[in-house]
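To start, the structure itself, in structure tokens.
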Number of protein chains: 2
Amino acid sequence: MQLAKGVEWTTHICAMLPLVPEGQGLSVDALADYFEVPSAYLAKQMQLLRRAGIVRSVRGKGGGYRLARSPDDITLLDIVTAIEGPMPAFRCTEIRQNGPCGLKRKDCKRPCEIASAFAVAEQTYREALQAKTLASVMQDAAMNSSPEHMVEIAGWVQRQVA
Amino acid sequence: MQLAKGVEWTTHICAMLPLVPEGQGLSVDALADYFEVPSAYLAKQMQLLRRAGIVRSVRGKGGGYRLARSPDDITLLDIVTAIEGPMPAFRCTEIRQNGPCGLKRKDCKRPCEIASAFAVAEQTYREALQAKTLASVMQDAAMNSSPEHMVEIAGWVQRQVA
DNA sequence: TTTTATCCGGATAAAGAATATCCGATTAAG
DNA sequence: CTTAATCGGATATTCTTTATCCGGATAAAA
């Protein structure tokens with residue numbers, strides 16, 4: 001049971017994309033360089049974010065990616081769902097209907113107690129991720145970082161779009 | 001991101017093992033038959049439960065598996081951890097240290113905000129699973145089941161150990 | 001218009017994890 | 001001693017994740 005690497009990558013990327021100036025964007029290659037991750041694979045992950053409406057892309061020369069909406073309107077759950085899909089981690093295969101003492105189908109209209117318990121647990125997980133916005137993540141990061149580092153990043157972004 | 005099938009299998013098994021009479025056990029083959037799951041693979045999962053101290057095994061003729069302790073002293077988290085291992089779903093690879101604007105190692109003593117947020121979410125997930133005991137699961141199941149079905153199961157168990 | 005830079009989508013390949021099976025060793029009951 | 005059963009390791013298979021590549025579309029700049 002493990003989250004895809006793309007979740008870590010794209011979350012970090014979403015947390016730095018707000019530093020891109022208005023009307024501009026960062027290319028996949030630039031983003032891949034920034035975190036030293038494989039460019040071709042990252043491109044796939046960025047497409048997932050775009051289809052989920054989290055980032056916006058501009059084609060052609062000078063194009064690239066930027067956030068599609070405000071950082072306080074994007075949650076970690078949005079990103080995880082975009083990359084991993086909406087499927088629950090625990091999938092009930094109804095084995096209670098199997099075997100010599102299996103239940104009849106008509107007696108299984110409600111989900112079994114075990115599936116229910118896991119569904120509850122996953123719901124609390126999702127709620128915790130939904131409560132954490134990108135804006136909040138950035139604020140926490142700024143607290144533990146230095147002004148110089150912010151300037152360093154801003155400078156790097158400038159050079160990419162130039 | 002998905003839980004192993006073994007989690008579903010062994011949870012259902014743990015929820016029926018208390019029906020095994022004192023001093024007896026069910027073989028892996030019997031358990032596999034009960035839920036129509038592959039016997040050889042289930043054997044591996046049962047070994048994991050045993051190493052985690054959830055079930056107790058007796059070798060030799062007439063041997064088999066039974067719960068190692070009281071159903072209200074076993075939680076769903078115990079079972080998931082036994083099967084899946086203790087590793088978190090989100091694994092931070094410290095990509096904040098990568099690339100042209102990467103942080104120095106000495107500035108990364110505390111986990112990054114993103115890893116922290118996921119750790120919090122996973123903790124709520126674990127707490128929800130820890131709050132659900134096997135005894136509670138069995139009680140819920142009894143509510144939605146019929147006395148006849150219980151008798152049916154008890155009879156089947158009898159025939160297995162005989 | 002041509003060139004260059006970029007995203008888009010599909011096809012494909014490589015790596016790793018989950019799933020599944022088998023067999024010899026070990027242990028206990030009869 | 002013989003038989004039944006688990007234990008543990010080795011191995012095979014299948015599926016998912018990870019990763020790469022290429023042809024096409026789009027847009028800006030030369």
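Within every chain, numbering begins at 1; the chains are lettered A, B, ... in the order of the sequence lines, protein sequences first and strands thereafter. From a predicted model like this one, the values you see are computed outputs, not experimental measurements.
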With sequence neighbours excluded, residues passing side-chain contact (heavy atoms from CB on, under 4.5 Å) with A/Val37: A/Trp9, A/Ala32, A/Phe35, A/Leu42

Nearest atoms (heavy-atom pairs only) where A/Pro18 meets A/Pro71: CG-CG, 4.0 Å

B/Ala43 vs A/Gly6, nearer the 5' end of DNA chain D by closest nucleotide: B/Ala43

B/Thr93 side chain reached by A/Lys5 side chain, heavy atoms, under 4.5 Å: no

Sequence-distant partners of B/Asp72, side-chain contact (heavy atoms from CB on, under 4.5 Å), two or more places apart: B/Ser70, B/Ala135

Heavy-atom pair of closest approach, residues B/Leu129 and A/Ala121: CD2-CB, 3.6 Å

Protein-nucleotide distance (B/Met46, atom CE; D/dA5, atom C1'), rounded to Å: 14 Å

Contact list for residues 24-39 of chain B, test salt bridge (Lys or Arg N to Asp or Glu O under 4.0 Å), sequence neighbours left out: none

Within residues 21-40 of chain A: residues closer than 4.0 Å to DNA chain D (heavy atoms): A/Pro38, A/Ala40

Side-chain N or O of A/Arg51 closer than 4.0 Å to phosphate OP1/OP2 of C/dG9: yes

Nearest-Å distance for atom pair CZ/P, residues B/Arg66 and D/dA5: 17 Å

Short side-chain N/O contact from A/Arg50 to OP1 or OP2 of C/dC7, under 4.0 Å: no

Rounded distance in Å - CG (A/Leu42) to C1' (D/dA19): 12 Å

Nearest heavy-atom neighbours spanning B/Arg50 and B/Ser57: CD-OG, 3.3 Å

Nucleic acid contacts of residues 54-65 of chain A, taken as heavy-atom distances under 4.0 Å to DNA chain C: A/Ser57, A/Val58, A/Arg59, A/Gly60, A/Lys61, A/Gly63, A/Gly64, A/Tyr65

Nearest-angstrom distance from the residue atom CZ of B/Phe90 to C1' of D/dT17: 16 Å

Interatomic distance, B/Lys44 NZ vs C/dC23 C1' [rounded to whole Å]: 11 Å

Counterpart residues, salt bridge (charged side-chain N to carboxylate O under 4.0 Å, His left out), relative to A/Arg126 (two or more places apart): A/Glu122

Give every pair of a protein N or O atom and an N or O atom of nucleotides 12-18 of chain C that lie under 3.5 Å apart, one pair per line with the distance.
{"residue": "C/dA18", "atom": "OP1", "partner": "A/Met1", "partner atom": "N", "Å": "3.3"}

Sequence-distant partners of B/Arg69, side-chain contact (heavy atoms from CB on, under 4.5 Å), two or more places apart: B/Asp73, B/Ile74, B/Asp78

Do any N or O atoms of the protein come closer than 3.5 Å to N or O atoms of nucleotides 11-14 of chain D, and which pairs are they?
none

Report, one line per pair, each donor and acceptor closer than 3.5 Å where one atom sits in a side chain of residues 139-155 of chain A; sequence neighbours left out.
{"residue": "A/Asp140", "atom": "OD2", "partner": "A/Lys132", "partner atom": "NZ", "Å": "2.8"}
{"residue": "A/Asn144", "atom": "OD1", "partner": "B/Arg110", "partner atom": "NH2", "Å": "3.4"}
{"residue": "A/Ser146", "atom": "OG", "partner": "A/Glu148", "partner atom": "OE1", "Å": "3.4"}
{"residue": "A/Ser146", "atom": "OG", "partner": "A/His149", "partner atom": "N", "Å": "3.3"}
{"residue": "A/His149", "atom": "NE2", "partner": "B/Cys101", "partner atom": "O", "Å": "2.7"}

Integer-rounded Å distance: C/dT26 C1' and B/Gln47 CD: 13 Å

Residues 111-120 of chain A, side-chain donor-acceptor partners within the protein, below 3.5 Å, at least two apart:
{"residue": "A/Ser116", "atom": "OG", "partner": "A/Cys112", "partner atom": "O", "Å": "3.0"}

Set of residues satisfying side-chain contact (heavy atoms from CB on, under 4.5 Å) with respect to B/Gln97, sequence neighbours excluded: B/Glu94, B/Arg105, B/Cys108

Shortest non-hydrogen contact between B/Glu84 and B/Ala4, atoms and distance: OE2-N, 2.5 Å

Interatomic distance, A/Gln45 CD vs C/dC7 C1' [rounded to whole Å]: 16 Å

Student check: side-chain heavy atoms of A/Ser27 and A/Gln160 closer than 4.5 Å: no

